[in-house]
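First the structure, in the form of structure tokens, and then the observations on it.
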Amino acid sequence: MSDEDDGGSLYVLTAVLMTPAQFPGVLGDDFPEACSLLGVPAAPQGYGLVLGQDEEGARWTVVVDDVSLVAAAIASWDCGMEYDLSPDERTIVVSLAGWPLDLTVSTTGIPEPHDPEQGADGTGRVPLAPPSAEAWGPVQRRMGADQIAREWDDWRERVATDGGAAAAAHPGLARALKEALEYTEKPPPPGRIRSSFAGEDARTLRVDGPGWSLVARTGDAAFLLLDEEPSEVLAVPHEATADLPELLELLAALDRVAVRPV
């Protein structure tokens, strides 16, 4: 991928989608928040994030508006196929120093990955960097929920066998579920509720709110992560309460208003 403005090149390492239905949890609780962190408008069609290194080894994140091209590249790579991801210069929205995600790969034949100097991208901002693994906060909470969604079967077996009673008594549970229920009555910002295919008739739900993240599978179970409970995963009880419907009813209602991948 070349940069006609300065004659340099970007050696692409990976790419991710950033749309209302699918975006890296490290960037925010919803799509507009993720866009704000990168300094781009919350365009309904979303963006693709292309991560790579320049000829000096510096890390760069290129935001492009050709979502279909990035999606095609990701699909090809997931199938083990080669794909030369070279977005047209006219599709580049902004080039940002650094990477927002932790990558363990690099380009052979050029210096080791490093951040360019602050301001090298013309924004004056500190280069993007992945979150610290030493702390617990909203970013780590969302990343934890994303991990559970990816490894659902393993976490379902590990967590569902315990923690249910503790979750039922936790004051954060009722707060989070009440706010999730409110989403079904007054839609939140795009991306707060996302639904993805999970096989047969099931959907995986990812729901975020102030201080909490919910990951669930329709017709099955749900787990909750809270800012005030570092690294804890709470199993959500199925029973209805005076203020809340049964869990499966809530999940079905959330799925009806969720954003889905196109």
Side-chain angles (χ1 to χ4, degrees), residues 17-37 41-46 137-139 141-146 148-149 152 155-156 159-160 163-198 200-229 232-262:
L17 292 176
M18 192 174 81
T19 70
Q22 184 178 353
F23 57 89
V26 298
L27 299 179
D29 279 331
D30 52 53
F31 178 66
E33 185 178 339
C35 290
S36 177
L37 188 144
Q45 74 276 8
V139 173
R141 175 246 303 162
R142 292 190 298 265
M143 291 175 63
D146 289 342
I148 294 174
W152 176 263
W155 281 92
R156 176 79 167 82
V159 180
H170 197 289
L173 175 75
R175 182 188 77 246
L177 294 184
K178 182 177 180 181
E179 291 175 0
L181 180 60
E182 291 173 353
Y183 286 171
T184 67
E185 301 164 353
K186 182 180 179 182
R192 284 283 177 99
I193 315 172
R194 288 164 280 156
S195 174
S196 59
F197 178 72
E200 298 182 354
D201 296 325
R203 306 286 300 183
T204 294
L205 292 176
R206 275 288 286 106
V207 190
D208 292 293
W212 57 270
S213 289
L214 183 76
V215 56
R217 187 160 292 185
T218 56
D220 189 1
F223 305 112
L224 183 71
L225 292 86
L226 301 168
D227 281 356
E228 66 261 35
E229 293 293 345
E232 291 295 322
V233 180
L234 304 178
V236 180
H238 279 246
E239 297 79 13
T241 68
D243 301 320
L244 295 167
E246 291 185 357
L247 175 63
L248 298 188
E249 292 180 9
L250 175 60
L251 298 182
L254 288 168
D255 187 51
R256 285 193 290 270
V257 298
V259 178
R260 299 185 177 210
V262 176

**Asked** Which value, rounded to the nearest 0.5 Å, describes the distance between Leu254 atom CG and Arg203 atom CZ?
**Response**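 The CG atom of Leu254 sits 13.5 Å away from the CZ atom of Arg203.
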
**Item:** Distance (rounded to the nearest 0.5 Å) between Arg256 CZ and Ile193 CD1
**Value:**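 The distance works out to 11.5 Å.
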
Please find the pair of heavy atoms, one from [X] and one from [Y], that lie closest to each other, and give the distance.
X	Y	answer
Ser195	Asp255	OG-OD1, 2.6 Å
Ala42	Pro32	CB-CA, 4.1 Å
Leu214	Ala222	CD1-CB, 4.0 Å
His238	Ala221	NE2-CA, 4.1 Å
Arg141	Asp208	NH1-OD1, 3.9 Å
Glu33	Arg142	OE2-NH1, 4.5 Å

**Message:** Check whether Phe31 forms a cation-pi arrangement with Arg194 (NZ or CZ under 6.0 Å from the six-membered ring centre, at most 45° off the ring normal).
**Reply:**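 No; the conditions do not both hold, so Arg194 does not lie above the ring face of Phe31.
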
Counting C-beta onward and ignoring hydrogens, is there a side-chain heavy-atom pair between [X] and [Y] closer than 4.5 Å?
X	Y	value
Pro245	Leu181	yes
Glu228	Leu226	yes
Val207	Trp212	yes
Leu250	Leu177	yes
Leu205	Leu251	yes
Leu173	Pro237	yes

**Message:** I'd like to know if the side chain of Thr204 reaches the main chain of Ala149, judged simply by a donor and an acceptor atom lying under 3.5 Å from each other, with no hydrogens or angles considered.
**Reply:**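 Flag not set: sc Thr204 to bb Ala149 has no pair under 3.5 Å.
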
**Message:** The criterion is side-chain hydrogen bond (donor to acceptor under 3.5 Å, both in side chains); which residues satisfy it with Arg192, sequence neighbours excluded?
**Reply:**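 Listed in chain order: Asp30, Tyr183.
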
**Message:** Applying side-chain hydrogen bond (donor to acceptor under 3.5 Å, both in side chains), can you list everything that pairs with Glu229, at least two apart in sequence or on another chain?
**Reply:**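 Applying side-chain hydrogen bond (donor to acceptor under 3.5 Å, both in side chains) to Glu229 gives His170.
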
**Item:** Salt-bridge present (Asp220, Arg156; N to O < 4.0 Å)
**Value:**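 Between Arg156 and Asp220 there is a salt bridge, with a charged N closer than 4.0 Å to a carboxylate O.
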
